[in-house]
Amino acid sequence: MLRMKRFEDFNLKPTTMEFLKRNGFETPTPIQEEIIPTALRGKDVIGLSKTGTGKTHAFLVPIMEKVDSSLERVQAVITAPTRELANQIYDKAKVMQEIDPNLIVRLYVGGTDRDKAIDKLSETQPHIVIGTPGRIKDLFLEASALRLDLADTFVIDEADMTLEFGFLDDIDAFAGRMGDDLQMMAFSATMPEQLKPFINKYMHHPLTTRIGSEERFNPNIRHILVPCHHHSYEKTILNMLGGFQPYVCLIFANTRETAASIAEALRKDGKNVSELHGGLESRKRKQAMKEIALGINQYVVCSDLAARGIDLDSVTHVISCGFPQDLEYYIHRAGRSGRGGSDGVCYALYKDDDYRSIRSLQRTGIQFEHKRFKNGEWVSLRPFGAKAQASDPEMDKEISKLNTKKKTKVKPGYKKKRQKEIERLKQKKKREFIRSKIKEEKKARYKEAARKKKNGEWI
Ligand code: ADP
């Protein structure tokens, strides 16, 4: 099949084409190419792609195409998990209003005047609603001011983050009160298991489109492996903080519990810290978003998903505590430093279990330096994964034992024999080394399987 290449091929209305023209878009991005024609046919869609792939217009274009501004009712609803993300969508949607002056697009997020919004809604209903799930639910179900029951299209942007922040219940509450013919579109970077029951409940044979990340490895970013050994992440971080001066340091943790514990340890050490992850209650999360936007604190501890809502060009250093299950997220973690062409550095703290993750990343081409911060300075270590050094102290001892044996009476062929003995020892050592590595890997595999079984650690 011939792939569509230009927006002209979608047979869009002149106003929609004007919307694209105002944005300066000529050709659809891969996700737009897949989603727009499917959405125009009225099908439910799931778009799996990372930020920056053009998701927003993948749903705004079909909405613009379908919305009828002569009808006085809500036709499309778009939710995002944070105010900032909702705001970003709203800014892009406002361009539609410039083209169609009759079109009403409104933003409903927490922290804005609720009564004023209700007053306005008693006069007119918008055509397009953009907002956070909590406020939309409130205006629809509690205040009965916003009439979503007649809407045709419902878009959930950043669905995985919506789930992590506990907003899926809000959405569940009001999606159940929307029409049966509702077209549902969900966009997400990942598809966690916990999202599936929701998808199955509301979507009918959705088309799933997965667009790979186009993020390239940034050569300006240094990756430094730092061993934790038996120490905790907290202890290792506190120890190495003397080793660099960040403007803003973003610290990633695999679980909300770890994030909270690291933030606590840094705070106790007198550091200015913001923390942002799904484990926080909404008031604290809002507070953190505000602090982060204002750049108040030097350290920000976060989960992978929460970090997506943070737009920080001032990050100079990243610390990755362990490795995320989806290793691509490691690239994203590291990529948060070195924005805008400046150099970045990512310290990847590792424990024994991380051997496989590190090897996988190395195979994708990441070059790790290997260092430890000791007695106030960075010390370079043997390259990670390199074979044991040729001069192994234990083996040297055994060889020297061979050398001192009967030095005076040298039998013929002794040299050859000795050399053979040394080779045998070396072989033995090598086998031991390989055996221990296999054991290590086996252990890591078991642990990984157990962790997956335990589940709930997808953030
Ligand atoms: P996402 O919603 O996936 O995070 P955005 O919608 O913010 O991505 O798009 C990322 C950037 O790409 C934005 O600057 C947007 O203006 C631009 N963009 C989106 N679609 C196109 C297109 N078809 N052609 C050129 N640029 C585009």
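Order of appearance sets the numbers: ligands from 1, and atoms from 1 within every ligand.
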Closest to atom 21 (C) of ligand 1 (heavy atoms only, candidates F25, F7, F187) is F25
* Asked: Is the shortest distance from atom 24 (N) of ligand 1 to a protein heavy atom below 4.0 Å?
  ->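 So far as the 4.0 Å threshold goes, atom 24 (N) of ligand 1 is in reach of a protein heavy atom.
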| message | Looking at atom 12 (O) of ligand 1, tell me if a protein heavy atom falls under 4.0 Å from it. | response | no
protein heavy-atom neighbour closest to atom 7 (O) of ligand 1 works out as K92 NZ, 2.6 Å
re atom 2 (O) of ligand 1, the protein heavy-atom contact at minimum distance is T56 OG1, 2.6 Å
Note to self: Taking the ring of H370 and the ring of Y350, is the distance between their centroids below 6.0 Å?
What the structure shows: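 Ring centres of H370 and Y350 closer than 6.0 Å.
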request  = Determine, using ring centers only, whether F384 and Y355 are less than 6.0 Å apart.
outcome  =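 For Y355 and F384, the ring centres are under 6.0 Å apart.
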- Message: Please confirm whether L20 approaches ligand 1 to less than 4.0 Å, judged on its heavy atoms.
- Response: no
Practice item. Could you tell me whether ligand 1 has any atom less than 4.0 Å away from a heavy atom of T29? Key: yes
Examine distances only and state if a side-chain atom of R135 and a backbone atom of T112 form a donor-acceptor pair shorter than 3.5 Å. yes
Quick note on ligand 1: atoms under 4.0 Å from a heavy atom of T53 include exactly 1 (P), 3 (O), 8 (O)
Check: Could an N or O of ligand 1 be found under 3.5 Å from any N or O of G54, whether backbone or side chain?
Finding: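 Among all N and O atoms of G54, at least one is under 3.5 Å from an N or O of ligand 1.
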